[in-house]
Amino acid sequence: MLRLITDFDGPIIDVSERYYRVYQFCLEKTHRPNQAVKELSKAEFWQLKRSRVPEKQIALNSGLDEVQAREFAQLRRQTVHTEPYFDYDTLAPGAVEALIKIQQAGIDLAVMTMRRFKELDYAFKKHDLGRFFPENRCYCLTNDYVKTRDIDDKPLLMERAIAELPTAADTWMVGDTEADITAAKNHGVKVMAVECGIRDRSQLAVYNPDLIVKDLSAAVDFVLASGN
């Protein structure tokens, strides 16, 4: 049996609009009246995020001072994963078609995400994605989980998945961050990084994934070809 474990945000869901709207909100809330600030365009902002520029530096680039930049970063952390903003998430181009293709091929499909259960369930219902991932193929955080760092927390999900899932002849992980690559490598799982998410190619390459591909569609095509 061949298995594909995919991250959710990045390969399947495009979070760029949510993150940008939160950036705009935090900038609006943090700057002083009549203070000259420079709101970054979405393209400028998203490139900084993909290059792993810290939130505080993004705030400074937008014209805030040091104290405001700290306030900005804190407000952003409090806001970015709140329900009103999840509505800005959209399906990544070609993601559903890729999921259909791999499901039809009879490949075991699981999702592994740093979303909490309620956040994953919200997206499943909004985008009709639950049909691809039965409950015993969903690895996410409990609603009351206290996060530390994704790069520490995600390997714990992978550890649980390996312990619980039936043995597969071959397994691939697909993700868009260093946490995905680390989770896979820590447990001897082959990993493909996609360029359509929150890290650019140079950031992904630092963590030495087995392969870097454009998006989930390219990842699925590779898995299907390697399985033949």
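Throughout, residue positions are numbered sequentially from 1 according to the sequence presented.
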To the nearest 0.5 Å, what is the distance between CE on Met192 and CG on Asp7? 13.5 Å

I need the Tyr88 OH to Arg18 CZ distance, nearest 0.5 Å. 12.0 Å

Would you tell me whether [X] and [Y] have side-chain atoms, one donor and one acceptor, within less than 3.5 Å of each other?
| X | Y | answer |
| --- | --- | --- |
| Tyr23 | Ser62 | yes |
| Glu178 | Gln203 | no |
| Tyr122 | Asp87 | yes |
| Gln68 | Gln35 | yes |

For the backbone of Thr171 and the side chain of Arg3, can you confirm whether one donor and one acceptor N or O come within less than 3.5 Å of each other? no

Without swapping roles, check the side chain of Lys154 against the backbone of Met112 for a donor-acceptor pair under 3.5 Å. yes

Identify whether the distance between the nearest side-chain nitrogen and carboxylate oxygen of [X] and [Y] falls below 4.0 Å.
| X | Y | result |
| --- | --- | --- |
| Lys126 | Asp89 | no |
| Glu55 | Arg76 | yes |
| Arg116 | Asp144 | no |
| Arg149 | Asp153 | no |

Give a yes or no on this: more than 12 heavy atoms of other residues, nucleotides or ligands lie within 6.0 Å of atom CZ of Phe117. no

